[in-house]
Novice: 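Input: one structure, supplied below.
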Amino acid sequence: MNEKLEFSTYKRIVQEFIGPIDCEISEIENGLINSTFLVRTVDKKYILQKINTSIFKSPEILLRNYLKLNELLSNSSYRRQKITLLPSSLGDYIVKKQNNEHWRLMEYIEQSKTFLKVPNPAIAYNAAACFSEFYKSINRQTLALEEPIDDFINFDKRINSYLLSLTTATAQRKETAKTIIDEVAPYLELHKKWDEHIQNGMFAKHNIHADPKISNILFNDANDAIAVIDLDTIMNASLLYDFGDMARSYCNLLEEDDCTQANNFSNEIYIAVKKGFLSHLEDMLTPCELENLDYAAQLVVYIQAIRFLTDFLNGDVYYKTNYPTHNLDRAQNQFSLFSQMKNVL
Ligand code: GN1
Ligand code: MG
């Protein structure tokens, strides 16, 4: 385990939820923000998570949003599996410990698997269609969701944070990142059209997931999408953000941190993603939104490249990293994807 905590401490936390039952705990290396663990008892599995409170500053917001959304889903015709948070013996869904640690326990969804990259267009279609159905179900009513992270989809702020990081980065980090800094420079205003469309109401606000990456879908053995997971960023924003993020994640032929090849975009998968995304939503999107799907895909990928690059320049303070240039490799992977999308779409 990466964590410095003793195993017995994890066990004690799990037991606050399930009582004095023996269990084995192992870390699941999935996700760049929270810490996630698989808990096995003799007859059942659970998912234990420590919420990263330097990023999710009010875990109570995540909980309130989750409860609202889950209620809406439960009262809809949505039939895929849902995340079930378990209460502690004191009835709390989040257990607080020293150092502002916030822990939660969920049911494990049996016979499920995740992908780190999409193996083929059919799986991309299944994932996008699953999200499409999810959006349809969670938008029967626009919920008043609270912002889990301030300005999460404020692209102007993202660019400004990047520009600031260029002024505060060490000379060494700037030198290491020189190539990609030059590559991203011509597109710093790419988000202007997005901002205008948001301001004039052309991109409507819906309930969105805001992190529909491929590893946030559970599949069964037949590669059917059986559950949408990771509801931490659900918020009111444009569905085009989610479409862009799906394209970003599903059309990448490489894992997100692999920059060993420049050609990592699959147009065949992109076509499947678009078809899947629209499968339940065609009536919900306006002609203007439909016209801007390709633009949204390019923009969200570009912004993700900027986010990774900003974090590298800031000294790797946001995303988990496994080696010194990890964020830079991620930024390069995303920028390659963006460059190809820009030429093809
Ligand atoms: C983060 O931690 P995870 O994998 O759920 C990030 C997303 C990025 C994603 C890139 C709160 O998600 O926005 O798209 O990494 N989440 C947050 O892999 O910043
Ligand atoms: Mg997430």
Side-chain angles (χ1 to χ4, degrees), residues 2 27-37 47 49-59 61-63 65-66 69 83 85 102 104 106 114-118 127 131 134 145-155 157-158 161-162 165 208-218 227-235 237-238 240-252 254-259 264 273 296-312 314 316-322 326-338:
N2 284 338
E27 186 159 9
I28 301 177
E29 307 266 347
N30 188 357
L32 309 187
I33 311 284
N34 294 330
S35 303
T36 307
F37 306 88
I47 295 290
Q49 270 192 325
K50 183 167 80 170
I51 301 168
N52 182 334
T53 47
S54 57
I55 290 171
F56 293 112
K57 297 203 163 54
S58 308
I61 291 184
L62 310 191
L63 179 61
N65 282 347
Y66 157 84
L69 190 101
I83 293 174
L85 277 185
H102 286 68
R104 64 187 168 197
M106 284 162 257
T114 52
F115 293 105
L116 288 178
K117 62 178 179 184
V118 168
F131 265 111
F134 178 81
L145 296 169
E146 296 169 75
E147 279 217 296
I149 298 175
D150 290 345
D151 290 314
F152 189 72
I153 308 186
N154 182 337
F155 296 145
K157 276 257 173 78
R158 295 277 185 209
S161 305
Y162 168 61
S165 75
I208 72 161
H209 182 280
D211 193 12
K213 63 199 241 185
I214 196 63
S215 56
N216 280 337
I217 291 245
L218 302 184
V228 165
I229 59 168
D230 184 5
L231 303 180
D232 288 344
T233 46
I234 52 172
M235 61 178 78
S238 169
L240 265 58
Y241 179 80
D242 272 23
F243 172 71
D245 201 61
M246 276 182 210
R248 180 189 79 75
S249 171
Y250 309 170
C251 302
N252 198 340
L254 302 176
E255 284 184 31
E256 198 176 64
D257 57 358
D258 183 348
C259 59
N264 56 341
V273 173
Q298 292 169 47
L299 180 60
V300 172
V301 178
Y302 176 73
I303 292 291
Q304 189 63 61
I306 291 285
R307 289 177 64 192
F308 286 139
L309 178 55
T310 305
D311 195 35
F312 175 77
N314 284 340
D316 305 319
V317 291
Y318 188 93
Y319 297 109
K320 284 185 190 166
T321 53
N322 297 333
H326 206 164
N327 272 319
L328 210 50
D329 287 355
R330 291 171 177 148
Q332 191 63 62
N333 169 297
Q334 299 288 295
F335 187 77
S336 299
L337 194 64
F338 164 70

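Quick caveat: nothing in here was measured; it's all calculated off a predicted structure. The first residue of the sequence shown is numbered 1, and numbering continues consecutively from there. As the structure lists them, so they are numbered: ligands from 1, and atoms in each ligand from 1.
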Novice: Quick one: which ligand 1 atoms are inside 4.0 Å of a heavy atom on E256?
Specialist: 10 (C), 18 (O)
Novice: Among all protein heavy atoms, pick out the one at the shortest distance from atom 16 (N) of ligand 1; state its residue, atom name and that distance to 0.1 Å.
Specialist: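 The closest heavy atom on the protein side is I33 CG1, 3.8 Å.
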Novice: Kindly assign one of parallel, tilted or perpendicular to the pair F131 and F134, based on the angle between their ring planes and the thresholds 30° and 60°.
Specialist: perpendicular
Novice: Is the backbone of T114 close enough, under 3.5 Å, to the side chain of S215 for a donor and an acceptor to pair up by distance?
Specialist: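 Flag not set: sc S215 to bb T114 has no pair under 3.5 Å.
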Novice: Could you check which of I55, D211, T36 puts a non-hydrogen atom nearest to atom 5 (O) of ligand 1?
Specialist: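 That would be D211.
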Novice: Is the NZ or CZ atom of R158 positioned over F152's six-membered ring, under 6.0 angstrom from the centre and within 45° of the axis?
Specialist: yes
Novice: Which of the numbered atoms in ligand 1 are below 4.0 angstrom from a heavy atom of F56?
Specialist: 11 (C)
Novice: Sort by chain and number the protein N/O/S atoms that are closer than 2.8 Å to the Mg ion (ligand 2), and list them.
Specialist: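 Near the Mg ion (ligand 2), below 2.8 Å, one finds D211 OD2, D230 OD2.
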Novice: Tell me: protein heavy atom nearest atom 13 (O) of ligand 1, and distance?
Specialist: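 I find the closest protein heavy atom is R307 NH1, 3.0 Å.
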Novice: Would you confirm whether S336, through its side chain, and Q332, through its main-chain N or O, come within 3.5 Å as a donor-acceptor pair?
Specialist: yes
Novice: Please could you name the atoms of ligand 1 that D230 approaches to less than 4.0 Å, counting only its heavy atoms?
Specialist: 5 (O)
Novice: In terms of side-chain heavy atoms, does N264 have a donor or acceptor partner in N252 at a distance below 3.5 Å?
Specialist: yes
Novice: What distance separates K157 NZ from I303 CD1, expressed to the nearest 0.5 Å?
Specialist: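 Result: 13.5 Å between the selected atoms.
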Novice: Going by heavy atoms, is R330 under 4.0 Å from ligand 1?
Specialist: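 No heavy atom of R330 comes that close to ligand 1.
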Novice: With atom 15 (O) of ligand 1 as the reference point, say which of L32, D245, N30 has the nearest heavy atom.
Specialist: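 Among L32, D245, N30, the closest heavy atom to atom 15 (O) of ligand 1 belongs to L32.
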Novice: Looking at residues at least two apart in the chain, or sitting in another chain, which of them share a ring-ring contact (aromatic ring centres under 6.0 Å, His included) with Y66?
Specialist: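 Partners of Y66 by the ring-ring contact (aromatic ring centres under 6.0 Å, His included) criterion come out as none, since no residue qualifies.
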Novice: Could you check whether any side-chain N or O of T233 sits under 3.5 Å from a backbone N or O of H209, counting only pairs where one atom can act as donor and the other as acceptor?
Specialist: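 Yes, the answer is positive, given that a donor and an acceptor are paired below the 3.5 Å cut-off.
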Novice: Q304 heavy atoms, cut-off 4.0 Å: which ligand 1 atoms fall inside?
Specialist: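 Counting atoms of ligand 1 from 1, those under 4.0 Å from Q304 are 8 (C), 14 (O).
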Novice: Looking only at protein heavy atoms, which one is nearest to atom 17 (C) of ligand 1, and what is the separation?
Specialist: Y318 OH, 3.3 Å
Novice: Between H326 and D316, does any side-chain donor sit less than 3.5 Å from a side-chain acceptor?
Specialist: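 There is no such pair (donor and acceptor under 3.5 Å, judged by atom type) between the side chains of H326 and D316.
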Novice: Examine ligand 1 and decide if any of its atoms is less than 4.0 Å from a heavy atom belonging to R248.
Specialist: yes
Novice: With respect to L309, which candidate in N314, N327, L328 satisfies the side chain to side chain contact (heavy atoms under 4.5 Å, CB included) definition?
Specialist: L328
Novice: Under 4.0 Å from a heavy atom of I149: give me the atoms of ligand 1 that qualify, with their elements.
Specialist: 11 (C)
Novice: Can you confirm whether the side chains of R330 and N333 place a donor and an acceptor under 3.5 Å from each other?
Specialist: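 Side-chain D/A pair, R330 to N333: absent.
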Novice: Answer yes or no: is there a side-chain heavy-atom contact under 4.5 Å between N30 and T36?
Specialist: no
Novice: Give me the residue, atom name and distance of the protein heavy atom closest to atom 4 (O) of ligand 1.
Specialist: K213 NZ, 2.4 Å
